[in-house]
Amino acid sequence: MNTKASTAKLPVHVGIIMDGNGRWAQERGMARSQGHLEGLKTARRIVAAASKAGIRYLSLFVFSTENWKRAKDEVDFIMGLVKQHLMRELDFYRQNRIRIRHTGDISGLSAEIARELQQAQRDTKDFDGMQVVLALNYGGRDEIVRAVRRLLDDHFHEAPPDKTQAASGNQCSMPCSITEDVIARHLDNPDIPYPDLIIRTAGEYRTSNFLPWQAAYAEYFISPALWPDWNETFLHEALDAYAGRERRFGAVHAP
Ligand code: FPP
């Protein structure tokens, strides 16, 4: 395994769109749920490998706001896996000093899952190792809508603009000066740096509403392998590819 390049220029934050669980199962004549079961094992392997590699933040796209459209059995199975994982794997996170975070709309999750998620975040909040961000009931557009709502709530719960402001024609307080920074501060996890690298497995070239605001300048790596087949070697392949990229953030470098 070549880890030279990845240690030379390591992304701080990696996001993964874990795709291909269903296809993995179908190829084997198994139920889709088996693919998700294997997918969860892979997630555990990759969390350990990423932490070992020195990644500081790992965002995993577990369940999107659109995934509710799947068959109820499949949704229930995935949610059951997530719940079990949060309840049973805390030792694994503790041993590796990994902090669990969440992004997504927690109000749309069942009370049980929401409780486990909050508990896991509380139990791991002081760990100084890698932070794993579970994107659960997550949609990028939904996150931006929620951010704007939070922004409006923050400002309209404050005292209304005073008469002098109104008299000067300025009818609103802070929301008048909306900048990228103001929106960014109202996203789910404003303290987390934007992802440098987004990996998608199963060979699909789509962003699927995953961190659209934060990943505006991320590098993408598409792996043809299905998520249940993913392992540390594939992760290092992605990290090596990232190390070889020139990031210009829209600028042009002098030759
Ligand atoms: C995509 O496969 C995967 C998902 C919808 C999410 C399931 C993810 C897990 C079970 C891992 C959970 C991880 C943690 C840490 C809780 P797909 O069903 O879209 O595959 P397909 O495109 O081949 O049908």
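First listed ligand is number 1; within each ligand, the first listed atom is number 1. Quick note: residue numbers are just sequence positions, from 1.
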Notebook entry, point to check: Between Asp188 and Arg101, is a side-chain contact (heavy atoms from CB on, under 4.5 Å) present by the stated rule, with each step listed?
Noted result: CA-CA 10 Å; Asp188 287 349; Arg101 309 282 299 265; over 6 Å; no
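- For a threshold of 3.5 Å applied to N or O pairs, the pair formed by Arg23 and ligand 1 contains at least one separation below that value.
- When the heavy-atom distances from atom 15 (C) of ligand 1 to Ala43, Gly22, Pro228, Ser208 are ranked, the shortest goes to Ala43.
- With atom 11 (C) of ligand 1 as the reference point, the heavy atom nearest to it among Glu38, Gln26, Met18 is part of Met18.
- When hydrogens are left out, the protein atom nearest atom 14 (C) of ligand 1 is Leu40 CD1, 3.6 Å; that is the closest non-hydrogen contact.
- A distance-only check finds no donor-acceptor pair linking the side chain of Asn189 to the backbone of Asp191 [under 3.5 Å].
- Relative ring orientation between Tyr57 and His13 is described as tilted, the plane-to-plane angle lying within the 30° to 60° band.
- Looking only at distances, no side-chain donor or acceptor of Arg200 sits under 3.5 Å from a matching main-chain atom of Tyr220.
- Geometrically, ligand 1 and Asn67 share no nitrogen or oxygen pair separated by less than 3.5 Å.
- Note on ligand 1: Ala202 sits outside its first shell, no heavy atom being nearer than 4.0 Å.
- Within 6.0 Å of atom CZ in Arg149, 12 or fewer heavy atoms from other residues, nucleotides or ligands are found, so the atom counts as exposed in its surroundings.
- Atoms of ligand 1 lying under 4.0 Å from at least one heavy atom of His36, given by number and element, are 7 (C), 10 (C), 18 (O).
- Asn209 contributes a side-chain N or O that, together with a main-chain N or O of Gly140, makes up a donor-acceptor pair within less than 3.5 Å.
- Of the protein's heavy atoms, Arg70 NH2, 2.8 Å lies nearest to atom 19 (O) of ligand 1.
- Using a 4.0 Å heavy-atom cutoff, Arg32 is listed among the residues neighbouring ligand 1.
- In this structure, atom 8 (C) of ligand 1 lies nearest to the protein heavy atom Asn21 ND2, 3.7 Å.
- The protein heavy atom nearest to atom 6 (C) of ligand 1 is Val62 O, 2.9 Å.
- Checking side-chain atoms of His102 against main-chain N and O of Leu136 turns up a donor-acceptor pair under 3.5 Å.
- Ring orientation note: the planes of Phe63 and Trp68 are nearly perpendicular, at an angle over 60° on the 30°/60° scale.
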